[in-house]
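Every chain is numbered from 1, with letters handed out A, B, ... down the list of sequences.
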Amino acid sequence: LLRKGDITDSLFENLEEILLEADTGIQTAEFLVSQLKKDASEKRLKDSWKLMDCFKSQLIKLLGETPVPVHFAEKGLSVFLMVGVNGSGKTTTLGKLAAYFKAHGKKVFLGAADTFRAAAIDQLEVWAHRTGVEVIKHREGSDPGAVAYDTVKAAAARGADIAMIDTAGRLHTKTNLMEELKKIRKVMQKEIPEAPHETFLILDSTTGQNALMQSKIFKEAVDVTGIILTKLDGTAKGGVILAIRQELKIPIKFIGIGEKTDALQIFDPARFAESLLG
Amino acid sequence: TLTERLQAAFKKLRGKGKLSEADVTEALREVRMALLEADVSLKVVKEFTAAVKEKAVGAEVLESLTPAQSVIRIVRDEMNLLVGGPAKLQKSSKSPTIYMIVGLQGSGKTTTCGKLALFLKDSGEEPVLAACDIYRPAAIKQLQVLGKELEVPVFSLGDKSDPVQIAKGAVQLAESSKKNAVILDTAGRLHIDAQMMVELKQLKAVLAPTEILLVADAMTGQDAVKIAEQFHQDLALTGIILTKMDGDARGGAALSIRSVTGCPVKFVGVGEKLKALELFYPDRMISRILG
Ligand SMILES: Nc1nc2c(ncn2[C@@H]2O[C@H](COP(=O)(O)OP(=O)(O)OP(=O)(O)O)[C@@H](O)[C@H]2O)c(=O)[nH]1
Ligand SMILES: Nc1nc2c(ncn2[C@@H]2O[C@H](COP(=O)(O)OP(=O)(O)OP(=O)(O)O)[C@@H](O)[C@H]2O)c(=O)[nH]1
Ligand SMILES: [Mg+2]
Ligand SMILES: [Mg+2]
C-alpha cells in the first residue's frame, strides 16, 4: 500500500495512521513522520519504495540494530528476574526461557517467588516438570524474598548455570508492591552482589500507551535490563516499544509468539519493523 | 486535561456567538489527540470526532460558557451517548442462569469468575464455578483455590475432558444441588484462533448462556477493536467486564469495545482480591478517558 508510486501527502497520512493503529502513540507517530518528511526532502526521494526503505532503516536503528545478547555472570551463577504487570506472560515466558537455556546446555533452576496468586506455584511447577528443570518453592503466602534467596543459594550450591525468579504480577502504581520487588532484588544481592544479571520486563503486546509508564516505573524501581514482548502471535503490533526505546533505551531481547514451550524468539528488529508497517 | 487544552486552543476566540467550522476543526484536533493518547482505537476516534463535528459546527455558545467549554459539553454528551448507562447482570427465568466468561490470554477471566461468584453470593444467588480451561497449566487448580476461598463449588472433569462436557456437568451439579447460577471459566484465546473460537461457539450452542461476557484488560490498546469485533461476531456478546482499572491506564479500550459491539460495560475489576469488582459508572470512565 505504501510502496507504490510517488510520494504524496496522503502517503504520509496513511503512514501515520498505520503507526497509530500499531500502538505507536500520537506523539511518536507524528515525530517519526515529520522526521521522515525532512529526510525525504533532504535526500530528494522521489518514489515511495525508497522512502519506505529509508523509514524501515530508521525504525531498525531505533529498535536497536545490533541484538543485545543476554547478560550472563562473568563466572558462576547467572540470576535472571522476571517482572511485569498482571497477566503479561511472566510465568509462561519463564518456562520458555528454561527450555531455551537448557537446549543451549545450561543447567537451570527456577524460583517460585509468586507466593501470592492462586496456584501460581503450581503453574510454575508444571513448567519445571515440562522442561525438566528444578524449581525451588515455599508455601503459598510466604515471603517472596526468601524464595528468591533460597533459589539463588540452592542453584549456586548445586552448580547451576542460571537461576530464574518468577514474581507476582503487580501494577506499577502499587508502591508497596514495587517496594517488595526492590526488596527481592536486595535479598538476592546478599548472596550474589551482581545479581540479578538480567531483569526482564515482560510486556504484553496488546497493551497500549500504558506500556510506556509501566516501563518507566519498573526501570526506576528495579533497573530493567531487557524487555520481552509477549503475545505477538495476535494482531497487536506492540508499536509502543518505539517510544520505550526512544525514552528509556531498554533493549528488547525476546518475543513471545504463542503459548507453547518453543514459542519464543530472539528479537529481530527488521522483522518487527516489517510487521509494524503491515 | 482536554478542557485545559481546548481553553488554550481557543484563547483567541473570546466572546463569539457561534462555533465556526474552523473553530471546531481546531478543537477536534485536540479531541482526537486526547482520545488517541487514552488508547481509543483510531476508527472509533474518527467516528466520534465526526459525530462531535456535526453537533458542534454552528452550535450556539451559551452566555455562561467559553467556546472551549461548549465543545467540552458536546464531547461529553456524545461520549455519554456512546458509553451508555449502567447495565445489570441478567438472570434467566429458567434456573440455573449460565454466565460464560471469555477473552484474551491473561485478561483476568479466572479471577473475575471468582469475583462474579462472590457478587452473586452477596446478591443472594447460589453459584457454581465450571473449570472449562483445560489448557493452561494449573488453571483448574487456580479456580479451585478461589472456589474454596469463597465456599463455592467448582465443577471439574480434569484437563483431559471436553469443555462442553465440563460445562454440562456443572449445570447438572447446579440442578441437583439446587444452585441457581453457573459461571463458565474458559481458556484465554486469540480472536484469530479459529479453532479456539469454534470451541466457544460450541459451548454457546450447547449451553445457551444468558450472558456472554468479554473480559478485557483496561490497558488494551488499538487492538481492542479487532478483538471485540471478532468475539462479538462469533458469539454475540451480552456485556463487557473491564479489568485492572486500579492501574493508571486511561481505559480508552472501553470506548472502542462499546462502540464496535454495542454491549454495555457491566463491571470493572479494581484489584486482585475477590471483593475488587465494582459496577460500571459511565461518568467516572468518561472523566478518566478525557483526563
Ligand atoms: N498467545 C500467547 N499467549 C501467551 C503468550 N505468553 C503468555 N501467554 C498466555 O498468557 C496468559 C498469562 O500468562 P502467565 O504466564 O500466567 O502470565 P503472568 O504474567 O505470569 O501472570 P500473573 O503471574 O498472574 O501476573 C496464559 O494464558 C499464557 O498461556 C504469548 O506469547 N502468546
Ligand atoms: N490489579 C488487578 N489485577 C487483576 C485484576 N483482575 C485480574 N487481575 C490479575 O491479573 C492476572 C491474570 O488473571 P487471570 O484471572 O489468571 O487471567 P485469565 O484471563 O484467567 O488468564 P488466562 O486464563 O491465562 O487467559 C492475575 O495476576 C490476577 O490477579 C484487576 O482487576 N486488578
Ligand atoms: Mg505468573
Ligand atoms: Mg484463566
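- With chain B as partner, the option from Q214(A), K237(A), H172(A), E30(A) having the largest number of non-hydrogen pairs under 4.5 angstrom is H172(A).
- A salt bridge (charged side-chain N to carboxylate O under 4.0 Å, His left out) check over residues 240-250 of chain B, counting only residues at least two apart or in different chains, returns the pairs K174(A)-D246(B), D217(B)-K244(B).
- Put simply, the side chain of Q123(A) does not reach to within 4.5 Å of the side chain of K141(B), judged on heavy atoms.
- No other option in L190(B), V145(B), L146(B) has as many heavy-atom pairs under 4.5 Å with chain A as L190(B).
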Mind running side-chain contact (heavy atoms from CB on, under 4.5 Å) on I192(B) and T235(A) for me, showing each step along the way?
-> CA-CA 8 Å; I192(B) 53 170; T235(A) 49; 3.7 Å; yes
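- The backbone N or O of Q222(B) lies less than 3.5 Å from a partner atom in the side chain of D23(A), making a donor-acceptor pair.
- Other residues, nucleotides and ligands contribute at most 12 non-hydrogen atoms within 6.0 Å of the NZ atom of K137(A).
- E17(A) places none of its side-chain heavy atoms less than 4.5 Å from the side chain of K43(B).
- Residue I140(B) holds its CD1 atom at 12.0 Å from CG of D122(A), rounded to the nearest 0.5 Å.
- For residues 100-116 of chain B, the interface with chain A (any heavy-atom pair closer than 4.5 Å) comprises L104(B), Q105(B), G106(B), sorted by residue number.
- In this structure the side chain of M219(B) never reaches within 4.5 angstrom of the side chain of Q209(A), judged on heavy atoms.
- Annotation for R271(A): atom CZ does not count as buried by contact number, only 12 or fewer foreign heavy atoms lying within 6.0 Å.
- For the options A29(A), A22(A), G234(A), A211(A), heavy-atom pairs under 4.5 Å to chain B are most numerous at G234(A).
- Heavy-atom neighbours of K148(B) NZ from other residues, nucleotides or ligands within 6.0 Å: at or below the threshold of 12.
- By the 4.5 Å heavy-atom criterion applied to side chains, L20(A) and L36(B) are counted as neighbours.
- No other option in E125(A), M213(A), K231(A) has as many heavy-atom pairs under 4.5 Å with chain B as K231(A).
- For M196(B), the CE atom counts as densely surrounded, since its 6.0 Å shell holds more than 12 non-hydrogen atoms of other residues, nucleotides or ligands.
- For the atom pair OG1 (T243(B)) and CG (N86(A)), the distance works out to 9.0 Å, reported to the nearest 0.5 Å.
- Of all heavy-atom pairs spanning A138(B) and A119(A), the tightest one is O-CB, 3.8 Å.
- With a threshold of 4.5 angstrom between heavy atoms, V240(A) does not approach chain B through any atom at all.
- Rounded to the nearest 0.5 Å, atoms CD (E272(B)) and CG (L177(A)) are 7.5 Å apart.
- Residue S41(B): no heavy atom, backbone or side chain, is found under 4.5 Å from chain A.
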